[in-house]
Amino acid sequence: MNNNELKELYNSLSIEEKIGQLFQVTGYLLDSDEVLTGPLCDIGLTEEDIKLSGSVVGLGSKGAESLTRIQKKHIERHPKGIPLIFMMDIIHGYRTIYPMPLAMGATFNPELMRECAEMAAVEGAASGVHATFSPMVDLVRDIRWGRVLESTGEDVYLNCVMARSMVEGYQGTNIAGKGTLAACVKHFAAYGAAEGGRDYNSVELSERTLRDFYLPAYKAAIDAGCKLVMTAFNTVDGIPSTANKKLMRNILRTEMGFNNTVISDFGAISELVMHGLAENGAEAARLSLEAGCDIDMMSGSYSRYIKELIEKGEVSEELLEESVMRVLQLKNELGLFENPYKGADVEREKEICLCERHKQIALRAAAESFVLLKNEDSLLPLDKAKKIAFIGPYIDRRELLSSWAITGETEDVSTILEEHAAYSSEIKAGFAKGCPILPGGTVMDGFTALEPLTATEGEVEEYKAEAVELAKNSDIAVLFIGEHYLQSGEAASRSNPSIPEIQRELFEAIYRVNKNIVVVLFSGRPLVLDGLEEKAGAILNVWMPGTMGAKAIWKVLLGEMEPSGRLPMSFPVNVGQIPVHYDELRTGRPWMPDEKERFQSKYLDVRNAPLYSFGYGLGYTEFEISKVSLSDAELTAEGA
Ligand code: GLC
């Protein structure tokens with residue numbers, strides 16, 4: 001459709017139909033004939049609202065068949081036949097799940113990042129998705145925040161490079177194509193700086209810090225052509241991002257030149273009341289629209305109040321037109337008026353999702369994301385001639401995907417135990433669970449139901465005794481331990497982000513009988529290791545490695561693949577060091593450990609440097625760096 005036709009379409013819409021384009025509902029709302037009940041009525045959504053809605057946040061329904069059915073039904077019901085945009089959190093893969101974004105940051109490989117994003121787009125588009133709520137580029141310096149898993153780390157430049165790669169991978173050269181997705185950079189802005197690492201908390205930054213560290217990666221995504229921006233839940237300068245005109249109008253629209261669609265985060269508009277900024281829902285809707293937030297994700301504020309605000313003259317028709325035209329423009333760029341089903345193709349979905357080529361990409365990404373933190377006496381690669389005990393709750397777990405891999409399937413994931421089959425003739429191996437991942441009775445919530453944690457104390461003791469006996473009679477003990485996947489991600493901040501106590505006790509029990517311990521560490525964030533790093537002989541940090549994680553771990557443990565990851569985010573010595581990052585200012589009294597000077601910027605009880613800094617990581621290869629020389633006496637920001 002050309003711009004004139006788009007404008008004609010706009011002019012043909014009733015006020016309700018215009019407003020309908022500005023709110024987004026969840027998939028299952030459109031995919032059932034049930035009458036609205038429960039919480040959705042609480043946010044004021046009506047059947048009429050659903051009929052007129054403009055887009056979907058993909059919770060509930062997925063797959064080419066169901067999204068095609070939803071789109072067909074919606075177009076038939078909509079008075080002007082305007083198609084939906086299907087948006088979804090495809091954060092690190094659609095069905096073939098590659099390592100979580102922080103792990104992808106550890107690869108320092110933008111080409112691989114682009115390749116993985118392209119793979120996710122091809123699978124997501126074939127499954128009927130049009131846009132993804134990715135890349136998340138929030139710079140992170142606080143490992144207590146559960147969402148560090150979604151970021152590519154603490155470094156501005158790495159985040160910019162990875163943001164660009166993800167946008168290019170998702171969008172390709174034609175977002176109307178059958179194998180591409182519109183990208184949505186998030187969360188604007190500075191969500192990673194939530195005070196205390198507590199999710200949704202306030203953000204207090206100087207203008208310099210905001211501009212020098214936290215804004216550049218959003219700009220990189222926008223300069224790469226990103227089609228959407230999502231607002232953050234947090235305040236900046238005391239004003240919630242979603243209604244923060246300085247952030248959204250002056251910086252995003254004017255300075256960064258972003259003229260595409262802005263979408264709120266889930267319910268963020270109505271939360272302006274809880275923030276204390278808006279007196280009521282109507283004011284929340286007005287403030288958000290005035291700040292240039294085009295789509296209301298599931299708060300019901302726009303559908304409920306915009307019409308009345310316009311009729312009262314409190315919101316201008318021009319403001320409404322500005323936002324509605326941006327949404328219609330996005331649908332037009334996606335080609336949805338010509339083909340509302342875009343890439344949805346049941347046969348293609350079956351053929352492409354989890355195909356061998358994609359699994360190989362995920363395998364390579366996993367191996368490149370692993371960071372070898374310690375390797376004393378070359379314990380790794382494992383010596384196949386040795387008797388080796390493989391121990392830990394992760395030896396038989398399929399939950400190697402992150403809490404944000406909501407479109408992945410754990411049944412697609414092989415376990416460490418299963419992948420051993422390929423080596424069973426070569427390795428004298430014994431296996432023991434050692435302990436449950438978390439104590440029986442632990443309750444957590446997350447996007448998916450948590451498997452029951454029911455181990456009794458007696459069972460735990462049995463597990464441990466069996467593992468200790470095995471380790472005592474082995475040359476090397478490899479411990480597969482770490483966080484439960486729901487201990488990181490959204491609303492999963494931890495005041496003490498360490499290895500679960502029950503697993504630490506297992507480690508100590510094994511250490512008492514065998515000092516040759518290799519730790520394979522699973523986590524959604526850098527962890528505080530509480531001295532484990534001094535006792536373990538080797539530590540391989542594997543993050544949440546994705547669908548091919550177990551296979552990649554075996555290949556790296558046995559030296560078939562090199563662990564080439566380097567840390568994208570520092571591991572602090574203890575929680576007291578947080579935030580700790582490599583690019584901090586020197587201060588006027590930098591710590592000089594050799595000088596016995598009291599008045600320096602230091603702690604009395606711990607060093608300043610993190611346990612493992614940004615960029616740290618070992619490899620198997622021995623190499624020597626010599627004859628280092630600079631290409632020039634003066635280096636500029638543009639390079640050489
Ligand atoms: C969540 C997240 C956001 C996600 C959105 C849709 O609350 O904050 O990152 O894209 O809702 O699921």
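Note that ligands are numbered from 1 as they come in the structure, with each ligand's atoms numbered from 1 the same way. Numbers here are sequence positions counted from 1. These numbers come from a predicted model, not from an experiment.
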Query raised in the report: Can you check whether Y157 and F108 have ring centres sitting under 6.0 Å from each other?
Result: no

Query - F213 six-ring centre to R141 NZ/CZ under 6.0 Å and within 45° of normal - result: yes

Query raised in the report: So, is R147 polar-close to ligand 1, with some N/O to N/O distance under 3.5 Å?
Result: yes

**Report entry** Numbering as shown, the atoms of ligand 1 that approach K186 to under 4.0 Å (heavy-atom distance)
**Finding:** 3 (C), 4 (C), 9 (O), 10 (O)

**Report entry** Per-atom contacts of ligand 1 with F266, taking only distances under 4.0 Å to non-hydrogen atoms
**Finding:** 7 (O), 11 (O)

Query raised in the report: Would you say M136 touches ligand 1, if touching means a heavy atom closer than 4.0 Å?
Result: no

Report task. Might you work through the side-chain contact (heavy atoms from CB on, under 4.5 Å) test for V25 and M298, ending with a clear yes or no? Result -> CA-CA 5 Å; V25 294; M298 273 305 286; 4.3 Å; yes

Query - Check: W404 N/O within less than 3.5 Å of ligand 1 N/O - result: no

Query raised in the report: Should H187 be listed as contacting ligand 1, given a heavy-atom distance under 4.0 Å as the test?
Result: yes

Query raised in the report: Do the two ring centres, one from Y218 and one from F188, sit under 6.0 Å apart?
Result: yes

Report summary line: Within 4.0 Å of some non-hydrogen atom of F233, the atoms of ligand 1 are 7 (O), 8 (O)

Report task. Let me know which of K186, M166, M162 forms a side-chain contact (heavy atoms from CB on, under 4.5 Å) with P135. Result -> M166

Report summary line: Under 4.0 Å from one or more heavy atoms of F133, ligand 1 contributes atoms 10 (O)

Report task. Look at the aromatic rings of H74 and H78 and report parallel, tilted or perpendicular, splitting at 30° and 60°. Result -> tilted

